[in-house]
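Worksheet: the structure to be examined is printed underneath.
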There are 2 protein chains.
Amino acid sequence: MPETPLAFAPHDHSACSGNILARADALCCDGGLRLTPVRRRTLEILLETHKALGAYDVLERLAADGFGHQPPVAYRALEFLVEHGLAHRVRRLNAFAACMHPGEPHSPAFFICETCDSVAEAPVADVRQALDTAARKIGFSVERVNLEAVGRCPACSAR
Amino acid sequence: MPETPLAFAPHDHSACSGNILARADALCCDGGLRLTPVRRRTLEILLETHKALGAYDVLERLAADGFGHQPPVAYRALEFLVEHGLAHRVRRLNAFAACMHPGEPHSPAFFICETCDSVAEAPVADVRQALDTAARKIGFSVERVNLEAVGRCPACSAR
DNA sequence: CGAAGAATGTAATGTTATAACAATACTTGA
DNA sequence: TCAAGTATTGTTATAACATTACATTCTTCG
């Protein structure tokens with residue numbers, strides 16, 4: 001069965017985000033990491049929608065919540081989340097999205113709908129493997145990968 | 001035989017870039033496009049090295065050559081080249097690289113060496129196909145794709 | 001407690017990218 | 001050829017994204 005990513009499927013979003021937030025709490029607790037108020041709030045903000053948010057959008061929200069007003073506030077929190085696998089950076093959009101599979105090792109690709117701006121993270125282990133193979137053939141050793149596709153999500157295609 | 005991309009192989013670079021420039025001329029001529037002086041010079045600049053150049057680096061070079069000093073000068077030329085398949089945008093680096101296969105339909109991935117900054121464009125039709133398959137499974141229709149890997153090139157790995 | 005390190009706040013600045021409009025050059029057709 | 005329309009370039013200004021540096025506060029742990 002093709003697993004439709006949550007971003008493209010109707011679902012109980014508050015359960016969805018609550019779930020991930022709980023997992024983030026657990027992961028940080030286990031890993032001796034500090035999911036401080038700014039960091040946790042930042043993750044909550046990203047989790048509100050299945051879209052990618054720019055650092056300044058996040059900052060605006062944080063500032064409204066009483067946190068600092070300067071860019072580093074947002075960038076630092078986002079950096080923490082990305083570094084520890086709780087969020088991803090979407091280069092194509094200069095933006096950030098909450099990770100939908102925190103803790104699970106996964107090779108994600110991002111599917112960006114240019115009509116509704118939703119961003120889905122889908123596991124694409126086989127694609128990643130194919131890329132690694134291609135890299136090996138040319139003697140390149142891969143550290144990190146960005147796989148991003150722009151197009152139309154199921155809902156927007158239907159219209 | 002694994003085709004090592006030019007960027008990672010010793011080669012006669014002036015022949016390499018001259019060749020591509022000639023093909024660019026031909027393509028534009030055929031397609032009724034105008035490879036104007038700024039545009040052609042921009043392509044030449046990109047072709048000087050197998051690295052990606054930022055728009056402002058390109059601009060600096062263009063300005064030194066007597067073209068305009070303002071950002072749009074570079075961005076417009078680069079946009080033209082990208083639009084017509086003569087260059088690629090490397091999102092990971094906020095930079096641009098000359099296309100090594102102008103005119104040929106190809107699904108490139110970019111292999112970015114974080115040690116020497118060289119950027120190789122390698123054809124990865126199979127990777128692209130795997131991604132398209134993954135997209136189809138979730139009902140996403142792909143328009144454009146960015147495949148970018150950061151790591152170490154053969155030469156830098158050897159050291 | 002008190003020192004060391006982590007995290008946050010803030011100011012300033014650097015970097016990348018685009019909008020808007022004026023001026024010029026090229027093309028086309030009467 | 002010349003005028004009208006289009007494409008291209010020049011320039012100003014500003015928007016959007018990101019980092020450096022340093023002061024301050026909070027946590028942890030001896």
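Below, all heavy atoms of this structure are taken into account, side chains as well, without hydrogens, waters or symmetry copies.
Contact annotation for A:Val38: backbone-only contact, meaning every heavy-atom pair under 4.0 Å involves sugar-phosphate atoms and none involves a base.
At least one donor-acceptor pair under 3.5 Å links the side chain of B:His13 to the backbone N or O of B:Glu48.
Computed from coordinates, the A:Leu93 CG to D:dA18 P distance equals 11 Å when rounded to whole Å. With rounding to whole Å, A:Arg91 atom CZ is found 11 Å from D:dC17 atom C1'. Rounded to whole Å, the distance from CG on B:Leu78 to P on C:dT18 is 11 Å. When rounded to the nearest whole Å, the span between CG of A:Asp57 and P of D:dA15 equals 16 Å. When the C1' atom of D:dT20 is taken as reference, atom CD of A:Glu79 falls 13 Å away, rounded to whole Å. Rounded to whole Å, the distance from NE2 on A:His69 to C1' on D:dA18 is 19 Å. In this structure, CG of B:Leu62 is placed 16 Å from P of D:dT8, rounded to the nearest angstrom. The distance from atom CG of A:Leu59 to atom P of C:dT8 is 14 Å, rounded to the nearest whole Å.
Nearest nucleotide to the side chain of B:Phe96, out of D:dT19, D:dT11, C:dA17: C:dA17. Comparing D:dA21, C:dA17, D:dT8 by their closest approach to the side chain of B:Tyr56 singles out C:dA17.
Residue B:Arg39 places at least one side-chain N or O under 4.0 Å from the OP1 or OP2 atom of D:dT9. For the pair B:Gln70 and D:dG10, the criterion of a side-chain N or O lying under 4.0 Å from OP1 or OP2 is not met. Dashed line: the shortest gap from a side-chain N or O of A:Asn94 to OP1 or OP2 of D:dA18 is under 4.0 Å. Applying the 4.0 Å criterion to OP1 and OP2 of D:dA18, one finds that A:Tyr75 has a side-chain N or O inside that range. Checking the phosphate oxygens (OP1, OP2) of C:dA17, a side-chain nitrogen or oxygen of B:Arg89 falls inside 4.0 Å.
The side-chain tip of B:Arg39 points at the ring of B:Phe80 from less than 6.0 angstrom away and within 45° of straight on.
Under the 4.5 Å side-chain heavy-atom criterion for grouping Ile, Leu, Val, Met, Phe, Trp and Tyr, A:Val119 is not connected to A:Ile20 through any hydrophobic cluster. B:Ile45 is connected to B:Val82 through a chain of hydrophobic side-chain contacts under 4.5 Å among Ile, Leu, Val, Met, Phe, Trp and Tyr, so both are in one cluster.
Within the 6.0 Å centre-distance limit, the rings of B:His106 and B:His88 are counted as a close aromatic pair.
Between B:Leu46 and B:Leu86 there is no side-chain heavy-atom pair separated by less than 4.5 Å.
A side-chain N or O of A:Asn146 and one of B:Arg92 form a donor-acceptor pair less than 3.5 Å apart.
Between B:Tyr75 and B:Tyr56, the angle of the ring planes goes over 60°, which puts this pair in the perpendicular group of the 30/60° scheme.
Taking five base pairs at each end of the helix from C:dC1-D:dG30 to C:dA30-D:dT1 and finding the rotation axis that steps the C1' atoms of four pairs onto the next four gives two axes whose angle is 20°, to the nearest 10°.
Mapping A:Gly54 and A:Pro72 onto DNA chain D by nearest heavy atom places A:Gly54 closer to the 5' end of the strand. If you find the closest nucleotide of DNA chain C to B:Pro71 and to B:Arg34, the one lying nearer the 5' end belongs to B:Pro71.
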